[in-house]
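Here is the structure we will look at, set down as structure tokens.
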Amino acid sequence: MDPDRRSLSTYDLLIEGRPLAEILVDTEVERVTIAPATTDLSSADIELVANERRSYLLKDALSAKDGAGNGLDYILIDCPPSLNLLTVNAMVAADSILIPLQSEFFALEGLSQLMLTIREIRQAANPSLRIEGVLLTMHDNRNRLAQQVERDARDTLGELVFETIVPRNVRVSEAPSFAIPVIDYDPMSKGSLAYKALADEIVARYQNTTAAVVEA
Ligand SMILES: Nc1ncnc2c1ncn2[C@@H]1O[C@H](COP(=O)(O)OP(=O)(O)OP(=O)(O)O)[C@@H](O)[C@H]1O
Ligand SMILES: [Mg+2]
């Protein structure tokens, strides 16, 4: 979306208590709406320190009667790359977490810290938080380090790692400047095909789960 179309943002949702319905903005993509963020949100971390429900603000906002009931099937919460109060709010509110992992040297190190945090959040606030999966991304298969990161990730995390890998692909990096998703910008690009394969993989997992529940 065009950043100029932001009036209210997730800052107003979390800090000012404005309902989600007021914040959502339609996009060019059918059936996708966005609750935009602005740089205001970067100060939220400090402003929230004294708030007793500081870890539950997003959960409260999404489960409020005027919040989640907006006919939304899925809510994707895009997190900052660091572990802070905003990330904690997301993990407390979420059913599951999808972890993008860049195929670089320090990637796995950051991941073990994240796994510890997920365990703590489960104990303290959200026992049913699942890990949806770990997605290897920005992957260059000619690079031996990237191959090593993939092997390590699959060895240590097993089935948590999605089979689908998103390759480094210039079309993915071009798409945002046109404010459209890469799968509309260049549907047959390697990046688009990877994201579609990821969607199929996730849908297939749910179909298996449903089947298993029915059989049981
Ligand atoms: N598979 C890819 N191939 C090439 N470029 C990519 C790919 N994925 C993302 N990029 C580019 O890398 C940059 C960072 O991507 P993105 O914004 O998705 O990462 P992020 O971790 O969410 O960053 P931020 O911390 O800013 O939110 C962007 O310029 C994006 O276009
Ligand atoms: Mg991001």
Side-chain angles (χ1 to χ4, degrees), residues 1-3 5-6 9-11 13-14 23-25 27-29 32-46 58 74-94 96-115 117-118 131-150 153-154 160-202:
M1 60 175 285
D2 179 351
R5 284 174 56 223
R6 293 177 301 197
S9 72
T10 46
Y11 180 89
L13 179 78
L14 290 180
I23 285 152
L24 292 176
V25 183
T27 68
E28 311 253 318
V29 183
V32 176
T33 58
I34 290 186
T38 62
T39 47
D40 285 352
L41 202 57
S42 55
S43 65
D45 218 44
I46 299 160
L58 185 59
Y74 292 93
I75 300 177
L76 306 178
I77 308 167
D78 183 26
C79 289
S82 53
L83 279 170
N84 59 27
L85 210 41
L86 294 172
T87 340
V88 168
N89 264 273
M91 289 195 274
V92 170
S96 74
I97 171 168
L98 190 155
I99 306 166
L101 187 72
Q102 209 171 320
S103 303
E104 287 186 351
F105 184 66
F106 287 115
L108 282 166
E109 211 164 286
L111 192 62
S112 54
Q113 180 56 48
L114 178 62
M115 293 298 182
T117 309
I118 292 172
I131 296 177
E132 194 69 50
V134 174
L135 175 66
L136 292 161
T137 184
M138 299 275 272
H139 194 82
D140 177 1
N141 208 25
R142 292 160 307 183
N143 180 328
R144 283 174 56 194
L145 179 58
Q147 295 169 3
Q148 184 65 43
V149 170
E150 181 187 354
R154 294 200 191 280
L160 275 184
V161 183
F162 288 112
E163 260 173 57
T164 307
I165 297 179
V166 179
R168 193 177 280 277
N169 175 235
V170 69
R171 307 306 259 171
V172 176
S173 58
E174 288 167 3
S177 62
F178 299 93
I180 50 175
V182 67
I183 59 169
D184 291 335
Y185 174 62
D186 186 350
M188 295 311 285
S189 63
K190 289 205 161 120
S192 292
L193 295 177
Y195 277 108
K196 285 184 214 165
L198 175 67
D200 286 342
E201 195 180 338
I202 292 176

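Read the numbers this way: they start at 1 and go in the same order the structure lists the ligands and their atoms. Since the model is a prediction, treat every value here as computed from it, not as a measurement.
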> With sequence neighbours excluded, what pairs up with Leu193 under the side chain to side chain contact (heavy atoms under 4.5 Å, CB included) test?
Replying inline: Met188
>> Going by the rule ring-ring contact (aromatic ring centres under 6.0 Å, His included), which residues pair with Phe178 if we only count those two or more places apart in sequence or in a different chain?
In response: Tyr185
>> I'd like to know if the side chain of Ser189 pairs up with that of Ser192 as donor and acceptor (distance under 3.5 Å, no hydrogens or angles considered).
In response: yes
May I have a table of the N/O to N/O pairs between ligand 1 and the protein that fall below 3.5 Å, each row giving the two atom names and the distance to 0.1 Å?
from     : atom 1 : to     : atom 2 : distance (Å)
ligand 1 : 1 (N)  : Pro167 : O      : 2.9
ligand 1 : 3 (N)  : Asn169 : N      : 2.8
ligand 1 : 3 (N)  : Asn169 : O      : 3.2

> Between Leu108 and Val149, which heavy-atom pair has the shortest distance, and what is it?
Replying inline: CD1-O, 4.3 Å
>> If you count heavy atoms of other groups shown closer than 6.0 angstrom to CD of Glu28, is the number above 12?
In response: no
> Can you name the side chain to side chain donor-acceptor pair (under 3.5 Å) partners of Thr137, sequence neighbours left out?
Replying inline: none
